[in-house]
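Since the structure is predicted, the reported quantities are computational estimates derived from the model, not experimental observations. Every chain is numbered from 1 and lettered A, B, ... according to where its sequence line falls, protein lines coming before strand lines.
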Amino acid sequence: MTHLRRYGTLIGFVGILLFFWWELPDTFLTQGNLLNISRQVSMLAVVAFVMTVVMAMGDFDLSVGSMASLAGVVAGVSFAAGYPIWVGVGAALLAGLAGGLFNGFLVSVLRILPFVATLGTLTVFSGLAFLASDGRTISGANIPDAFSQFARLRVEMLGLPMPSLTLLAIAVLVMVWVVLEQTPYGRRLYAIGGNMEAARLAGTRIVKLRLTAFAFTGVGAAIAGLMYASRVASANPTQGDGLMLDAIAAVFLGMTMSDEGEPRVLGTLVGVLILAVLDNGLSQMSVDSYVREILIGGIILMAVASGSLGGLRRR
Amino acid sequence: MTHLRRYGTLIGFVGILLFFWWELPDTFLTQGNLLNISRQVSMLAVVAFVMTVVMAMGDFDLSVGSMASLAGVVAGVSFAAGYPIWVGVGAALLAGLAGGLFNGFLVSVLRILPFVATLGTLTVFSGLAFLASDGRTISGANIPDAFSQFARLRVEMLGLPMPSLTLLAIAVLVMVWVVLEQTPYGRRLYAIGGNMEAARLAGTRIVKLRLTAFAFTGVGAAIAGLMYASRVASANPTQGDGLMLDAIAAVFLGMTMSDEGEPRVLGTLVGVLILAVLDNGLSQMSVDSYVREILIGGIILMAVASGSLGGLRRR
Amino acid sequence: TAQQRVAVITPYLAQPGTQFYIDGFEAAASPDWDINVIDTAGDIAAVISRIEDAVTQNVDAIVINVDPAQVSAGLQTAMEAGIPVVGMDAGMSDMLATNVTSNGYAMAAETSVYVANRLAGAGNVVMFVFDPFPPVQIRGAIADAVFANHPDINVIARVTPDVQDGGIADSRAQMEALLAANPEPGSINAVWAAWDQPALGALQAIEDAGRADEGIVIVGMDANPQAREAIAAGGNFEASMAQDFAGIGAAAADAVARLLAGETIAQPVIYVPTVLITTANVDE
Amino acid sequence: MAAFSVRAMQIELSNLSKSYGTAPVLRDVKLTLQGGQVHALMGENGAGKSTLIRVLAGVTPADSIDLTIDGRAVNLRSAADAADLGLRFVHQELNIVPQLTVAENIGLSRPTPTRLGLIDWGKLNTRATAALARFGATHIDPRAQAGSLGTGDRILIVLAGLLADETPARVLVMDEPTAALTHAEADRLFAVIAELKAQGAAVLYVSHRMEEVMQIADRVTVLRDGLVAMTTPTGTTTKEAVIHAMTGRTLTHVYPPRRGTIHSGNVLEVDELSAGPLHGISFSLRHGETLGIAGLENAGQSALLQAILGAVPRRGAVRLAGNLAPASPASAWAAGMAYVPRERRREGLMLGRGITPNITLPHLAAHAWHGIFSSAKAERDTATRLGAQVALKYDRVDQNVATLSGGNQQKIVFARAIASDPRLVLLDEPTRGVDVGARADIYALIAGLGAKGAGVLMTSSDLPELIGLCDRIAVLRDGTIGCIIPTDDLTPARLLSLIYGDTTIKDAS
Ligand SMILES: Nc1ncnc2c1ncn2[C@@H]1O[C@H](COP(=O)(O)OP(=O)(O)OP(=O)(O)O)[C@@H](O)[C@H]1O
Ligand SMILES: Nc1ncnc2c1ncn2[C@@H]1O[C@H](COP(=O)(O)OP(=O)(O)OP(=O)(O)O)[C@@H](O)[C@H]1O
Ligand SMILES: [Mg+2]
Ligand SMILES: [Mg+2]
């Protein structure tokens, strides 16, 4: 029973893989398709991984999507103004850092509930993205070739043509894993998530930790925004917005797999893969997009329900 | 200090009113404009009021927006199929009830975190709305005149030409207020939200209460969806989606005004009015839409920050 | 003389086309106008609210860029206040002074017939559509009719991409999946997209899958800059329809000017011409 | 006496077994409650007392149980069933709803009085006022939000919940109600229990305090490893016999001998400290010294410890070994302070997490390579070692602390504080809910801290404990220190009168 609870989501994932393998014997479980999936999902993955960092503290960051949009726009505007790539990328990352620190400031110093704080900054960042781009899509000659080529790059690795975006997502995964699971810093974040008041009284520097964790997430969102802009070779002020809810869904899917229902980045990875595989498999099966939406929602619920049966409760 | 905390948001609201009065002396604080605002915000208000019910339990319902869309579509499809108005309206309300009960079932019986459960049903309801409408906007002759006239109706009351939508929102407000503040049912919802363990030890029938509270919210969302459909004389599968985040923002704004940071429906009312007044006033002042977005986000943050300073913490 | 105030209200400002309307409108507008551009971020009911606010402000004219049937509550308020409303690619309505637009039926017919001709009347077509938005829905309906009229043309998928991100990324993922599901060269012959973003997404997917040389024909619509570049590059993306967005904006401004001068406009719809863009004329 | 009671009811509980996974917690337990009698339930931490009570309350399903009330078999499926049968509970942990009013909290497990479906506030408040009055808690406004009350008052409203019925309750079950009460409050509780008993109620009473059990109980049942080790009238047994039944050993010296190794230097100097309700507090503490803090409820003992830790805003100087201590808990721990908070569940534990992270929480850097990469093994070893030191009873080190018994949870918070050889230990009710045997272990550990030269500052509502452990006791009155007295010849009675404001004795410090 505990096993069903703990491994329900994982079993569900394997079940989904088997199902698509059965239905699409020639095209689903192929190296090419799997690498494609990994690239398709890389941006969502990065956002979900860094979202895990703040969720470990029991917090949320609803602004990741609009931060990703803003970062893309910031880079695009710099490119359009003729600055070299590194300046655009640097400016976007700085925007992510600044936005993240601002979120952290609101949450940790002003003690605003993260949900509200980041709902507010979601609006603000999105407004800034519109303002910076004047509401336009920046594309074509304004985006340097080298920048948009990055997303198409493949690096030979372990005999596989690994997409650059996939490798970037893996790098973020490893980093988040090390930070969350292998350092006192990460353990303190989990302690804050376990009981903020207890952590504070036990000498945890709550304010500093929350501030930096949100900064971390902000930079991660900016990276995802840059990946997105590179992939679509353009930047518009809403392109990243959809990442937020999916990222949260992925983290929650992952949470069903941990003992105490806390977010773990490896669980998040599985959550992200479930979403990606469903999208890819169902559209290969030419399932009507409306039905696909319903199915994805239903499958998320089933996975989480099996995970909950044994007693995972709301935190 | 505590007063600043408790009344910060209210003072902010009054400040906003005074500011617009000053800036727009002839058009802002007029009977006509105020009644307009009340009608403009009525749909959001209904969603926010019923959102307060589940948030009193410490839960969320992210699916309200897509439920509103779905309800509109259900009514629209019935109308298009030639059924009389009461059938379409009844079917939409039933959809709201069924959807709400389904949310409640997931949350209370299967014990899925409300955030995930309703994220899943958000997707499912939205898919159903697309499926039912075949992705189209149902409008024109398919929408009976009497239905779309409802939103334009005004009823003479206390010497004022009260818009019908405003009266409907007030009715929902009164009902939610009575239920939450004056019945054992509502107080038990607060008990669940405040200390689920205490509620359980006291013999509160948690499963039943959570189930019905979500059903309540589902029906409320459906009402808002019908109001929306009547106002735009049409139904499309995404039209209500934007209500969700705004409703949550309104409830949170309201929460800054209560002692223990719990959601209270009168607080939610103030939250809703703040959002509506800002939208109306800023667009009358011809503030650029992007800047308006940034300002609204910033003002929400400021209100909440002043509410938080004295020590409102995350629950 | 007192400035004349014009409110331009749209739920779709984030979409590239809308920007060009507004630019065209502002460029052709009289310098005496005080123009307030209001975006409601997709919320149609909010368009009604903003029309009401504009009426409260007693502006001199209102321009909308949304289906008038859905905002008739607001239009009625404006009518009662005697404020003229001009549609900018909005839709026909007797509550509008006039509507300035391109002929969407003709545009869709032109690109879908282009595809049918390029395939010589036989082959597998992927369609990217978006029915929730009426002007785009019209395009899909016309293309459906054209393809259905060719018995050997097979629509193997009618995809509604997620447009929250502008449409490129999700269309691309969808196309990648379709390519993976149809690995045989020649199993997909054409992509017909109701606007440019999905066409661009499909193009990226095809190039990336190394299937650019199969001769898959891609057509889009609206001829946005990115699409023009793709057409100019001479790859799979062969054609798109150029709507004269700036021209529509300018014509709308002209209509407003006439109304403010006290004229009445007799035509319920003013059509602005469109052009099929191919490698032949893309550089013009 | 009970003989006059009209309806002396009888509750028989037998064949009660319960296990979690493979670990049995209760094994074939049998217990009889008699109307008009107080029945004490005793046992070491983790013996299964609270589990038994939760079964009786209908919140934890038993594996097997036969329950009869006055000979009629009854079936408990939910907490509401137990409430309907007239069973009233005070559970071990403080469970109030901060968002509701005091009156609502008091009536939480009862049907709310209504008129036309709406709450009859007048009736609800009257009932609550009456219940509070019986505990002498007339200062509490039934209309106030419960979240605005301090810890002590919160306990009182939970106790008042026992008395919120129109007709007197038939069965009252209390799980360590006095663990956090002051003497005066405890005495009022005993008076109320005596009244209820006279009215024919059956009382089941759990406590780790031998004195009060012997004072108020008619019978005592001892649980050991889930089995009934003894059940007997209190008149026919002794403290020593009960302790022996609980622990299997005889405890002669409860408090460790005073060693008198107080060093000359000051480990702590507090100068004109003000914080919250406190003002003008000055004292110093020497290396190896143990200073107790006593006072009435709400006199500010907890606030004093938190102010020294830097957990609440403060004015005035706090010096640790001569250096000014910055006002934040993080720098306090880093400088060698350690703290055991008063409310273990709210302020101490990460419920829902394992034992290891709960013990190592303030010491994470010390268990990491160069403070950067954590070593899970080192952390687990520390947790295991300290668990053994405080006699923690658990199944696995990764066991969720929410599933530990209350006393064992307390030991975790204590273990955390002593893990890093602190220079100054701030203990707020360190033995709250800890059983006699383990209590002796903790006393020895506190004495050991002193022997190593650490200063100890502690509060306790158990006055003999305070006198037994401390070298001096500071009495707080009106937010400031009334007097500081050595404990050499101090008796609990004398200390109590000082707490109540007897100023005839001069400050002896
Ligand atoms: N949910 C649970 N899952 C697993 N074990 C549990 C659970 N709840 C309680 N236990 C175990 O049952 C045993 C008995 O716990 P209980 O709380 O009844 O002890 P107690 O006698 O009340 O102790 P104390 O005096 O410390 O309050 C303990 O070993 C505890 O760890
Ligand atoms: N920062 C503060 N500001 C104002 N009042 C405070 C503050 N901290 C505590 N108090 C109040 O001061 C009183 C003493 O608080 P404290 O928690 O120290 O009491 P205590 O003596 O430990 O009593 P109890 O036994 O009830 O815990 C309480 O009434 C509390 O509400
Ligand atoms: Mg216990
Ligand atoms: Mg205290």
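- One side chain, D/S50 or D/D175, offers a donor N or O that lies under 3.5 Å from an acceptor on the other.
- Scanning residues 176-183 of chain B against chain D with a 4.5 Å non-hydrogen threshold yields B/V178, B/E181, B/Q182, B/T183, sorted by number.
- Aromatic ring pairs are classed by plane angle as parallel below 30°, tilted from 30° to 60° and perpendicular above 60°; the pair B/F115 and B/F60 is perpendicular.
- If you check the side chains of B/Y190 and D/E104, you find no donor sitting under 3.5 Å from an acceptor.
- Residues B/T9 and B/I274 form a side-chain contact, since some pair of their non-hydrogen atoms from C-beta on lies under 4.5 Å apart.
- D/L124 does not touch chain B: none of its heavy atoms, backbone or side chain, sits under 4.5 Å away.
- B/N103 and B/T118 share no donor-acceptor pair across their side chains, judged by distance under 3.5 Å alone.
- Across D/S78, D/A146, D/A80, the residue that shares the most heavy-atom pairs under 4.5 angstrom with chain B is D/A80.
- Between chain B and the residues D/T112, D/I119, D/T101, the most heavy-atom pairs under 4.5 angstrom are made by D/I119.
- Remark: D/A327 pairs with D/R314 by the side-chain contact (heavy atoms from CB on, under 4.5 Å) rule, at least two apart or across chains.
- Looking at D/P111, the atoms closer than 4.5 Å to chain B (heavy atoms on both sides) all sit in the backbone: N, CA, C or O.
- Here D/V97 is the residue among D/V97, D/D84, D/L118 with the most heavy-atom pairs under 4.5 Å with chain B.
- For D/R110, the part lying under 4.5 angstrom from a heavy atom of chain B is the backbone only.
- Between the side chain of B/E262 and the backbone N or O of B/E260 there is at least one donor-acceptor pair closer than 3.5 Å.
- When the options B/V46, B/I248, B/D59 are evaluated for a side-chain contact (heavy atoms from CB on, under 4.5 Å) with B/M51, the one that passes is B/I248.
- Between the side chain of B/T166 and the backbone N or O of B/M162 there is no donor-acceptor pair closer than 3.5 Å.
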